[in-house]
Amino acid sequence: MPRALITGITGQDGLYLSELLLAKGYEVFGLIRGQNNPKRDLVAAVAPEVKLLPGDLSDVAGLTRVLNVAVPDEVYNLGAISYVAYSWENASLTSDVTGKGVLNMLEATRQYAGDDIDRVKFYQASSSEMFGKVQQVPQSESTLLWPRSPYGVAKVFGHYMTINYRESYGMHASSGILFNHESPRRGPEFVTRKVTQAVARIKLGIQKEIVLGNLDAKRDWGFAGDYVEAMWRMLQQPEADDYVIATGETHSIRDLLNVAFESIGVEDWEPYVRQDPRFMRPAEVDLLIGDPSKAKAVLGWKPQVAFQELIQMMVENDLAEQSALVR
Ligand code: NAP
Ligand code: G4F
C-alpha cells in the first residue's frame, strides 16, 4: 500500500487529494496544526481514514518527526497561508509559512530520505500568482515570474527552492503551477465562493447585496477536483518537473457575476453589487490565463469541468447549505 503525507489537509485541495489517494488505495497521513484545530471534524467527515499528525510548517523538528511516523512514499506540500489579500497585512508571517515553510518541508524530507533520496517524491503547490504582472499571454512554465503580492513572492521562493532541491540533491521534487481552482469546498474569503454564497443568500431573501473590489480582474478558473489528479500524475512520472495546470480560458469577475446570478434567474446583477475600496489590492494581478499543453502532452491531463458548470455547481451547493441553515 503506497503511503502519502499531505500538508494543508484541512484545506480545499487537501480534502480532494485525500479522497483521490484513498480511492487509489493509499494510506494517507495529514499534517494538522494547532492544539484543537476546528477543521479536524471536517477531515474526519470527508475522509475518516486519514491519519492526522500534529505539526506546523514553521517547525522543522516537528516536520521531521511527522515524516518518520508517516514514512511516506509521496509528500504533497499544500499547506500555506493562501489568501493573497491577507498577505499584505501579514507579509512576514506569509513569508515564513508560504515561503520558508517550503524549505522546511524540503529539508525535513531530505533528512527523512537519508542516503536513499529516491525513496520519496515531493510535490510543491506553486501558483499562477507568481506570474503577477504577466510578461506573456498565455503563461507557461517558461514565462518570467513577476509576483505582485507578498504571497506571490513567497511562492516564488518555494518554487525555486523546490527546483534547487531537485537539481542539488536529485530529489524527485515537482512543482505544479496551478491556476485558480474552486469548488463547493472553497474558503468563503475567495471571490468565487464569496459570490456564490451571497447569490444563494440573495435568492433566499437573507442578504441584500454583495460588496466587492475590482470587477475587471481576469482569472483562469478550474475545478479543484480535476486539479488534484494532476498533482498525483506529476509524482507518477519517471522524472520530476514543473507543470502549468490551467483550463486555458479566462473570465472576469463580471463574467462570474453573470453566471452566478443567471443561475438564480437574475439577468441584471448591478442593483445587488456594490464596490468598496476596502476590497481593492495594493497591486493587482490583472490577467491570468494558463497554457496547459505540457500537462496535456506529458501527464495526459486535461480539465473536465468548464467555468459555467463550476459556478453553477457552487451556487447549487450554497443554496442547499444556506437553506439548511435558515430552516
Ligand atoms: P487553503 O484551502 O487555504 O488551505 C491551506 C492549508 O494550509 C490549510 O489546511 C491550512 O491549515 C494550512 N496551513 C496554513 N498555515 C499552516 C502552517 N503554518 N502549518 C501547516 N499548515 C498550514 O488552500 P487550497 O486552496 O487548498 O490550496 C492548497 C495549496 O495550493 C496552497 O499552498 C495554495 O497556496 C496553493 N494554490 C492554491 C490555488 C487555488 O486556486 N486554490 C492555486 C495555486 C496554488 P488550517 O486549516 O489549520 O488553517
Ligand atoms: O479569489 P481571489 O481572492 O483569488 P486570487 O487572489 O487570484 O488567489 C487565489 O488564486 C491563486 C492562484 O492564482 C492562489 F495561489 C491563491 O492561493 C488563491 O487561491 O481573488 C481573485 C480576484 C482578484 O483579482 C481580486 O482582486 O478577485 C478580485 N476580487 C474582487 N473583489 C476579490 C474581491 N477577491 C476577493 N477575495 N474578495 C473580493 O471581494
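Each residue takes its place number in the sequence, starting with 1. Order of listing sets the numbers, starting from 1, for every ligand and every atom in it.
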(message) Using a 4.0 Å cut-off to any heavy atom of Ile253, which atoms of ligand 2 qualify?
(response) 22 (C), 27 (O), 28 (C)
(request) Mind checking whether Val84 contacts ligand 2 via backbone (N, CA, C, O), side chain (CB onward), both or neither, at a 4.0 Å heavy-atom cut-off? (result) side chain
(request) Using a strict 4.0 Å cut-off to heavy atoms of Phe279, name the atoms of ligand 2 that fall inside it. (result) 39 (O)
(request) Determine, using heavy atoms of Ser126 and all atoms of ligand 1, whether some pair is separated by less than 4.0 Å. (result) yes
(request) Please tell me if the side chains of Met314 and Arg193 come closer than 4.5 Å, counting only heavy atoms from C-beta onward. (result) yes
(request) Would you check whether Gly11 has a nitrogen or oxygen atom less than 3.5 angstrom from a nitrogen or oxygen atom of ligand 1? (result) yes
(request) Quick one: look up the protein heavy atom nearest atom 10 (O) of ligand 2 and list residue, atom name and how far away it is. (result) Asn180 ND2, 3.0 Å
(request) Just need the protein heavy atom nearest to atom 39 (O) of ligand 2, so name the residue and atom and give the distance. (result) Lys194 NZ, 2.7 Å
(request) Using a strict 4.0 Å cut-off to heavy atoms of Leu288, name the atoms of ligand 2 that fall inside it. (result) 13 (O)
(message) Between ligand 1 and Ala125, is the shortest N or O to N or O distance under 3.5 Å?
(response) no
(message) If we count only N and O atoms by modelled type, under 3.5 Å, do the side chains of Ser174 and Asp241 hold a donor and an acceptor together?
(response) no
(request) Report yes or no: does Thr7 have a heavy atom closer than 4.0 Å to ligand 1? (result) no
(message) Checking the N or O distance criterion of under 3.5 Å, is ligand 1 in contact with Ser127?
(response) no
(request) Select one of side chain, backbone, both or neither to describe which atoms of Met280 lie under 4.0 Å from any atom of ligand 2, heavy atoms only. (result) neither
(request) May I ask you to decide whether Arg3 forms a salt bridge with Glu74, counting only side-chain N to carboxylate O separations under 4.0 Å? (result) no
(message) Under 4.0 Å from a heavy atom of Glu129: which atoms of ligand 2 are those, numbered in the order shown and with their elements?
(response) 13 (O)
(request) Considering only NZ, NE, NH1 and NH2 on the basic side and carboxylate oxygens on the acidic side, decide whether Arg254 and Asp216 come within less than 4.0 Å. (result) yes
(message) What I'd like to find out is whether the side chain of Val43 reaches to under 4.5 Å of the side chain of Leu15, using heavy atoms alone.
(response) yes
(request) Go through the steps to decide whether Phe122 and Tyr165 satisfy the test ring-ring contact (aromatic ring centres under 6.0 Å, His included), and finish with yes or no. (result) CA-CA 10 Å; Phe122 188 96; Tyr165 268 61; 8.2 Å; no
(request) Enumerate the atoms of ligand 1 whose separation from the nearest heavy atom of Gln12 is less than 4.0 angstrom. (result) 2 (O), 25 (O), 26 (O), 41 (N)
(request) Heavy-atom contacts with Leu178 under 4.0 Å: which atoms of ligand 1 show up? List them by number with element. (result) 42 (C), 43 (C)
(request) Would you mind telling me which of Phe307, Phe179, Tyr16 makes a ring pair (Phe, Tyr, Trp, His ring centres under 6.0 Å) with Phe223? (result) Tyr16
(request) Ignoring hydrogens and angles, state whether a donor on the side chain of Thr7 or Asn77 is under 3.5 Å from an acceptor on the partner side chain. (result) yes
(request) Would you name the heavy atoms of Pro292 and Thr247 that are closest together and state the gap between them? (result) CG-C, 4.3 Å
(request) For the pair Asp13 and Arg185, find out whether any cationic side-chain nitrogen is under 4.0 Å from an anionic carboxylate oxygen. (result) no
(request) Using a strict 4.0 Å cut-off to heavy atoms of Asn180, name the atoms of ligand 1 that fall inside it. (result) 40 (O)
(request) Give the numbers and elements of all ligand 2 atoms closer than 4.0 Å to a heavy atom of Tyr83. (result) 3 (O), 36 (N)
(request) Report yes if some heavy atom in the side chain of Ser323 is under 4.5 Å from a heavy atom in the side chain of Leu204; otherwise report no. (result) yes
(request) Just go through Tyr151, Phe190, Trp221 and tell me whose heavy atom is the nearest to atom 33 (C) of ligand 1. (result) Tyr151
(message) Using heavy-atom distances only, which candidate in Thr98, Asn77, Val102, Leu78 approaches atom 31 (C) of ligand 1 most closely?
(response) Leu78
(message) Suppose I only count heavy atoms of Lys39 and a 4.0 Å limit; which atoms of ligand 1 are within that range?
(response) 46 (O)
(request) Determine, considering heavy atoms only, which of Arg186, His181, Glu189 sits nearest to atom 19 (O) of ligand 2. (result) Arg186
(request) Check each of Ala80, Gly101, Ser128, Ala224 against atom 5 (C) of ligand 1 and report the one with the nearest heavy atom. (result) Ala80
(request) Show which atoms of ligand 2 fall inside a sub-4.0 Å distance from at least one heavy-atom site of Ser127. (result) 11 (C), 12 (C), 13 (O), 14 (C), 15 (F)
(message) I'd like to know if Asp255 and Lys218 make a salt bridge, using a cut-off of under 4.0 Å between side-chain N and carboxylate O.
(response) no
(message) Need the ligand 2 atom indices (1-based, order shown) with element for anything under 4.0 Å from a heavy-atom of Glu284.
(response) 23 (C), 24 (O), 25 (C), 26 (O)
(request) Over all heavy atoms of both residues, which pair between Gly25 and Pro2 is shortest? Give the atoms and the distance, please. (result) O-CD, 4.0 Å
(request) Could you name the option among Gly176, Ser82, Gly187 that has the heavy atom nearest to atom 1 (P) of ligand 1? (result) Ser82
(request) Would you mind finding which of Gly11, Gly290, Ser82, Ser128 brings a heavy atom closest to atom 17 (O) of ligand 2? (result) Ser82
(message) Within the structure, is a non-hydrogen atom of Glu129 found at a distance of less than 4.0 Å from ligand 1?
(response) no
(request) May I ask you to check if ligand 1 and Ser58 share an N or O to N or O distance below 3.5 Å? (result) no
(request) Would you mind checking if Arg65 and Asp59 are paired as a salt bridge, meaning a charged N to carboxylate O distance below 4.0 Å? (result) no
(message) Test side chain to side chain donor-acceptor pair (under 3.5 Å) on Ser128 and Gln139; report intermediate values, then the result.
(response) CA-CA 8 Å; Ser128 53; Gln139 296 86 49; over 6 Å; no
(request) Please indicate whether any nitrogen or oxygen in Asp56 is less than 3.5 Å from any nitrogen or oxygen in ligand 1. (result) yes
(message) Looking at non-hydrogen atoms alone, which of Glu189, Met130, His181, Met105 comes nearest to atom 38 (C) of ligand 1?
(response) His181
(request) Within a distance under 4.0 Å of any heavy atom of Val97, pick out the atoms of ligand 1 and give their elements. (result) 15 (N), 16 (C), 17 (C), 18 (N)
(message) Tell me which one of Val153, Ile177, Thr143, Val285 satisfies side-chain contact (heavy atoms from CB on, under 4.5 Å) with Met130.
(response) Ile177
(request) For ligand 2, indicate whether the residue Leu215 contacts it via side chain, backbone, both or neither (heavy-atom separation under 4.0 Å). (result) neither
(request) Could you verify whether a donor N or O on one side chain and an acceptor N or O on the other, from Glu309 and Gln304, lie under 3.5 Å apart? (result) no
(message) Does the plane of the ring in Tyr227 sit parallel, tilted or perpendicular to the ring in Trp301? Use 30° and 60° as the thresholds.
(response) perpendicular
(message) When you compare the side chains of Ser87 and Thr94, does any donor N or O come within less than 3.5 Å of an acceptor on the partner?
(response) no
(request) Number the atoms of ligand 2 from 1 as they appear, then name those within less than 4.0 Å of a heavy atom of Ala217, with their elements. (result) 24 (O)
(message) Given Ile210, Val191, Val273, Asp13, identify the one with the heavy atom nearest to atom 33 (C) of ligand 2.
(response) Val191
(message) Please confirm whether Arg186 approaches ligand 1 to less than 4.0 Å, judged on its heavy atoms.
(response) yes
(message) Looking only at side-chain N and O atoms, does Glu316 offer a donor or acceptor that is under 3.5 Å from a partner on Gln312?
(response) no
(message) When you measure from the heavy atoms of Tyr83 to every atom of ligand 1, does any distance fall below 4.0 Å?
(response) no
